[in-house]
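Below you'll find the structure, written out as structure tokens, and then a few comments.
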Amino acid sequence: MNNFQTLPAGGNTLGAAGNPIFSNPLFGHSPITDIIEPPCQCLRVEADIGPMLVRLAHSTSTTMDRLDAGRQSSDLVEWTGPAAIYFREHLQLLARESALLRDHVDGLVRLGGTG
Amino acid sequence: MAWAVSSNILGGSRYATAALEEYLAIARVLTDESASLSTLATSWASTGLQMRSAMASSLCPALRGEPTAPNTSHTRMPFMRLLSSCERCSRQCQWIADKTGTLAELLIRAHSLYAQAESDSRSLVDSTVQGSMTVLPLQTALGLGVWSLADIVTTSASSRRSHGASALSSTSWAHQGMMNALGSAVDPLHALTSSQGAVNAGARCLTPITRRIADSRQGDTLTVTQVQSRTPVVTSIHSVDEALANLQRLGTQRAQGAQSSSGLDYATIAVQHYRKADGNSSWLVMIPGTDGHPDSPLGWLQNVEAMSSDPEQRRHADSVRLVREAMERAGIGESDEVALVGHSQGGIVAASIAADEQDRYAIRHVVTAGSPIANHPIPEHTWVTSVEIDDELVASLDGASNPQTTPWLTVHGTVHQQDPADQPATPFDASAVEGVDDAQQISHSLPFHQAAYHNAEQLGSPAVQRHERHFQQIVDGELVETTYWQGRMATSP
């Protein structure tokens, strides 16, 4: 799966993204003041990056769901010996890292939304 | 740079189709998600780079988290913290991707999940090389020569191997096909009709010639003598690993000749007698490889006879006669369980006895290291554990892949040089070759096979474990006695 395909085409060519009306509500930007003055460049960057972060967070979460399912299926494999012990120990390690990554991605979305 | 061997396991046990599909599905999920996470890692890193670039190129202080002028509208996104989070997500995704990929690879190797595909592609290559060698022998030989030369030129700076060993290694994929073509060329008619392969049919055709040469040089009278060892060379064993270690010690003593600490000389085999808990006897016969001494029954020419597709020719091979006589004089009974372990020619002899002496002995298990025995007609009730190294040539001299059945397991080792400073992805990627100089040229020596089997054992392959248990059941008992038997050839008086 190529997650680049889920990103907006031409992410750097802002176009309509510079218009605050297209700003992502998740990231809490108010367009009111922009009617009076030309928008600052930082708002265009926000409008560009914000949706990208949301999509990436979603893709990461979906991938982790699939990985967790695969990881749980791996418990069914009949396998003993040093490599099997290593495999299972590292699956547990993966589970911990997977949970950490999920927390981190959630935190990142919240950070963007409340910033 | 130390030598290390990485193993692949073929045959040994067949999973039920449902189990195989299930394991394959798990391996595919892990592999696919590893690739997805790797892509996500790049995407997170790329987003971070975009943010970094925007922060560097924009004059707006809000992007850098600095205070902004009042009455103007600016972003309230904490870019600095988001940037750091993106980079961290990228690192975490990549770590999980790498680890997941490594675990998928481990699962695939330990359970030989792609063995059938590997076997099919190997057959295709063999047929192509054989066809090419038959139709265009000169052009094919020239092509393989150029191939070897290119490999020698490109790897000469990094490899410590000799040019000959490098040439063998680079053309290892063609060895079986070439040998089949050569076998067919020697005896085209019999090669087509023989059920035991073109090479063995060719050996059958060559045997009268090689026997005449051997008899004229060595004579045809074999004398087998029981000899004593001054030191314990072959000890009590409980596993294939330990049996191979015993065989290696026996081979080393033999190579040192009369100067060895044990006093054991060339063409000496060992026979161990075990007493099981139920009182029954079982036996382990250990047979080293070719030594090439002028009066040795384990000479070079005896290889051809032991490889023949004709059972009578195999039985007449001096090396086979040595082992048969030693087994008889050691007192192996008809119903006693027997395991044979051999390296190189020793393995060919073990396979020949397993194929031809089933009426006389209850041969339950054969372990071979670096022996071309794919075409020996070993009955299904005798289990075979073969260890072969990809580029050793000798194991490919049969021109065929070993059968992939439950009683026949093949451990294929691939040799490489490993920098001790390099950290492998898992401790099971390869096993170090013990007791071999870094400049060792040929991978046919037994320590390479020992490392290959050790690696396969470490992987915890269920197929290897089943074979190991089968072998252990035979030697599961108390060692009663080890006897050593030495053979010498002489002209009849």
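Quick note on labels: first sequence line is chain A, next is B, and so on, each numbered from 1.
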Let me confirm one number: the CG-OG1 distance from A:L56 to B:T47, rounded to the nearest 0.5 Å. 4.5 Å
Counting only heavy atoms not in A:H58 (residues, nucleotides, ligands), do more than 12 fall under 6.0 Å from its NE2? no
So, do B:H111 and A:V77 sit near enough that their side-chain heavy atoms are less than 4.5 Å apart? yes
Please examine the side chains of B:L30 and A:L67, heavy atoms only from C-beta on, and report whether any two atoms are closer than 4.5 Å. yes
Is chain B contacted by the side chain of A:I85, its backbone, both, or neither, given a heavy-atom distance below 4.5 Å? neither
Nearest heavy-atom contact between A:G70 and B:V29 is CA-CG1, 3.7 Å
Which one, B:R81, B:Q92, B:R28, leads in non-hydrogen pairs under 4.5 Å with chain A? B:Q92
Do B:W95 and A:L94 come close enough that some side-chain heavy atom pair is under 4.5 Å? yes
Any sub-3.5 Å donor-acceptor pair from B:Q465's side-chain atoms to A:T80's backbone N or O? yes
Please round to the nearest 0.5 Å and tell me the distance separating atom CG of B:L37 and atom OG1 of A:T63. 5.5 Å
Between A:W79 and B:A110, which heavy-atom pair has the shortest distance, and what is it? CZ2-CB, 3.2 Å
So B:I96 and A:M64, do their side chains get closer than 4.5 Å, heavy atoms only? yes
Got A:R71 and B:T100 here, is their nearest side-chain heavy-atom distance under 4.5 Å? no
Max heavy-atom pair count under 4.5 Å with chain B, selected residue of A:S74, A:A69, A:S98, A:G81: A:S74
When rounded to the nearest 0.5 Å, the distance separating CH2 of B:W44 from CG of A:L101 is 8.0 Å
Are the side chains of A:L111 and B:S85 in touch, meaning some heavy atoms are under 4.5 Å apart? yes
When rounded to the nearest 0.5 angstrom, what is the spacing between CZ in A:F87 and CG in B:L459? 12.5 Å
Restricting to non-hydrogen atoms, name the atom on A:Y86 and the atom on B:L103 that form the minimum distance, rounded to 0.1 Å. CE2-CD2, 4.1 Å
Go through A:H90 and B:T102 one step at a time and tell me if the side-chain contact (heavy atoms from CB on, under 4.5 Å) criterion holds. CA-CA 10 Å; A:H90 282 76; B:T102 301; over 6 Å; no
Heavy-atom check, side chain of B:K99 versus side chain of A:E97, under 4.5 Å: no
Evaluate side-chain contact (heavy atoms from CB on, under 4.5 Å) for B:C89 paired with A:L108, printing each intermediate quantity in order. CA-CA 9 Å; B:C89 280; A:L108 186 142; 4.3 Å; yes
Relative to chain A, which segment of B:T426 carries a heavy atom at a distance below 4.5 Å: side chain, backbone, both, or neither? both
